[in-house]
Amino acid sequence: MSSNNYVYLRNVEKGRTDWKVKVRVIREWRGITPTGELFKGYNLLLLDAKNVRMVAYVPEWLIEKMRKMFTVGKMYTITNFQVKDYTPNDKWRCVNNDKQILLTNNTKAREIEETEYFIASNQFDFFEMEDLPNLAKQNLILADVVGVVIKRDIIRPVRNTKLGIDQMQLRMKITDGKKKINVIFWDKFAEEFQQDVDTNQYEEPLILIIASGKVGIWKEETDICNFSPTAYYINYKHHSVLQLRKMLSQMNFLEQNFSTTQPKKPLKVFTVAEIKNLDQDYILEEVVCQVQIKYIEEIDTWFYPRCTTCYKQLQYVEGYHICIKCNRRVPHPDKKLLQFSLCVLASDNTGDIEIILLDRPIRTLFGKTVFDVLQEYKGAFPKMVKTLENRDFTMKLQILEVNIHKKSDMYLANDLFEGFNFNQDSDQRRTTENSTGQSSGTSYHLDNMSQTKDKTR
């Protein structure tokens, strides 16, 4: 082969190793088992000037060498590698291609300057959302989709009964203007997405590209979740995103999407006594209660910081902020990541109930962040929250597993409304408005609830 004889990715074949290609590295990932164990090797996704994508596999013993050789986003000439055909056992491919590259110890790479050659910065193979139900019937190809985020819940722990562990879950709903699908992000991927959204000033509503998502069907609804190769892009500079943003200027774009959905199941109003006797069918469900706030405990822990790495709540141990998950101290938590956490005693004519009001309800009610309040009150307990005492509120409570199985009488409030004139229509309008705003990003754990409860007694 001539020294200048470069080929495009679609022309490489197995049987020889002296191939020469010019590519951009657009993504990298390492596979992980359901129990969190990393696969031995890792993968690069390559793109050439003909917009052909191909996966390059790096064996475990070459990982350190190849990670020094390649940087995601940059272009390279790559020489001396093997080509392998995919086998029927190679499931969940991120590209619709029957070949992959195997990098070897003889593989060499030279970086190409952006002025020398042109390869697009990225490339996607989008599926129409209306075609995704058919894709859910196979296990060969992952999907690229793009859509407007029309609903976004807060990140929360969910029990995986099969594995016997708690996993973080973030649920969203997106639309392409014709159909809607559910989006479910899990674990570290969900936490990174939540941190990204909470710390960056993205134009709303978000337009989300999900690259290499795993499509499924659950309870007759189509969903897409993250898998090992999955990546997300928020408000990305891509013509599909610009087109959706232009469509959003049409007044009825989102109305058309909501008009084709099933009506939201009405939330039922329960008394305090009824809430304390709910069964396991209500785990992770929301219920409504109408109560008067009797007392708000003035404690130092009326707000909490989050870890700047994993975004979980920090614990204050022996004078230090500690992240239990990362197993490290966080000496200077970012003040912009502070979240409200108020413990209140409320009641109706059937009994008393202890409720934790987290960031979004308080921030919405007063129109202030913790950072704003700290500056206003010089770090002292904010007297403004005491004005909630002896006032009537309608609250949406999240029923957690410990409320049912361990009979914990500390409940979590996702939202609250002034007075007792709550109705489903107003809740839907408020939910729609909040779904495109900055979500609270709260992942409040039950051990934290127990600590707060002990301090209020």
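Heavy-atom basis, side chains included; hydrogens, waters and symmetry copies ignored.
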Review point. Any idea which heavy atoms bring Phe189 and Thr230 closest together, and the distance?
Key: CE1-O, 3.3 Å
Practice item. Count the heavy atoms of every other residue, nucleotide or ligand shown that sit under 6.0 Å from NZ of Lys74, and state whether that count exceeds 12. Key: no
Revision key, fill the gap. Distance col, row Asn43:CG vs Trp29:CH2, nearest 0.5 angstrom, shows 5.0 Å
Practice item. Locate the shortest heavy-atom distance separating Glu192 from Tyr232; write the atom from each residue and the value. Key: O-OH, 3.6 Å
**Study point:** Reported CD1-to-CG distance for the pair Ile119 and Leu47, which is rounded to 0.5 angstrom
**Key:** 6.5 Å
**Study point:** From Lys108 atom NZ to Ile78 atom CD1, the distance as rounded to the nearest 0.5 Å
**Key:** 13.5 Å
**Study point:** Lys396/Glu286 ion pair, N-O < 4.0 Å
**Key:** yes
Review point. For Phe126 and Ile209, what are the C-alpha separation, side-chain angles and deciding distance, and is it a side-chain contact (heavy atoms from CB on, under 4.5 Å)?
Key: CA-CA 9 Å; Phe126 289 122; Ile209 292 176; 3.8 Å; yes
Exercise for review: Please report the C-alpha distance between Ile404 and Asp279 in whole Å, then the side-chain angles of each, then the deciding distance to 0.1 Å, and finally whether the side-chain contact (heavy atoms from CB on, under 4.5 Å) criterion is met.
Suggested key: CA-CA 6 Å; Ile404 304 300; Asp279 59 29; 5.5 Å; no
Practice item. Report, as yes or no, whether the 6.0 Å neighbourhood of atom CD on Gln138 holds more than 12 heavy atoms from other residues, nucleotides or ligands. Key: yes
Check your understanding: Which of these, Ile356, Asn403, Leu400, Val402, sits in a side chain to side chain contact (heavy atoms under 4.5 Å, CB included) with Met410?
Key -> Ile356
Check your understanding: Does a donor on one side chain sit under 3.5 Å from an acceptor on the other, for Glu203 and Asn235?
Key -> no
**Study point:** Arg53 and Ile26: CA distance, side-chain angles, deciding distance, side-chain contact (heavy atoms from CB on, under 4.5 Å) verdict
**Key:** CA-CA 9 Å; Arg53 298 179 300 171; Ile26 60 174; 4.1 Å; yes
Review point. Do other residues, nucleotides or ligands put more than 12 heavy atoms under 6.0 Å from the NZ atom of Lys406?
Key: no
Check your understanding: For the residue pair Ile101 and Phe81, what are the closest heavy atoms and their distance?
Key -> CG2-CD1, 3.6 Å
Check your understanding: Does CD belonging to Glu114 count more than 12 external heavy atoms closer than 6.0 Å?
Key -> yes
Exercise for review: Evaluate the criterion salt bridge (Lys or Arg N to Asp or Glu O under 4.0 Å) for residue pair Asp18 and Arg16; output intermediate values, then yes/no.
Suggested key: CA-CA 6 Å; Asp18 57 345; Arg16 45 193 293 189; 3.1 Å; yes
Review point. Where do Ile210 and Phe185 land on the side-chain contact (heavy atoms from CB on, under 4.5 Å) test, with the steps shown first?
Key: CA-CA 11 Å; Ile210 302 173; Phe185 288 163; 4.1 Å; yes
**Study point:** Check: Arg156/Gln398 side-chain N/O donor and acceptor closer than 3.5 Å
**Key:** yes
Practice item. Determine the sole option in Lys151, Lys173, Arg171 for which the side-chain hydrogen bond (donor to acceptor under 3.5 Å, both in side chains) test with Asn182 is passed. Key: Lys173
Practice item. Give the minimum heavy-atom separation between Met395 and Ala413, together with the two atoms involved. Key: SD-CB, 4.5 Å
Practice item. In sequence, state the C-alpha distance, the side-chain angles, and the governing distance for Lys84 and Asp90, and then conclude on salt bridge (Lys or Arg N to Asp or Glu O under 4.0 Å). Key: CA-CA 12 Å; Lys84 294 179 60 178; Asp90 292 317; over 6 Å; no
**Study point:** Residues, nucleotides or ligands: over 12 heavy atoms within 6.0 Å of Gln280 CD
**Key:** no
Point to revise | Nearest heavy atoms of Val21 and Val7, plus distance in Å | key: CG1-O, 3.5 Å
Review point. Salt bridge check: are Asp48 and Lys50 linked by an N-O gap of less than 4.0 Å?
Key: no
Review point. Distance under 6.0 Å and angle within 45° of the ring axis: does Arg152 meet both against Phe193?
Key: no
Revision key, fill the gap. On a heavy-atom basis, the closest approach of Ser212 and Asp144 is N-OD1, 2.7 Å
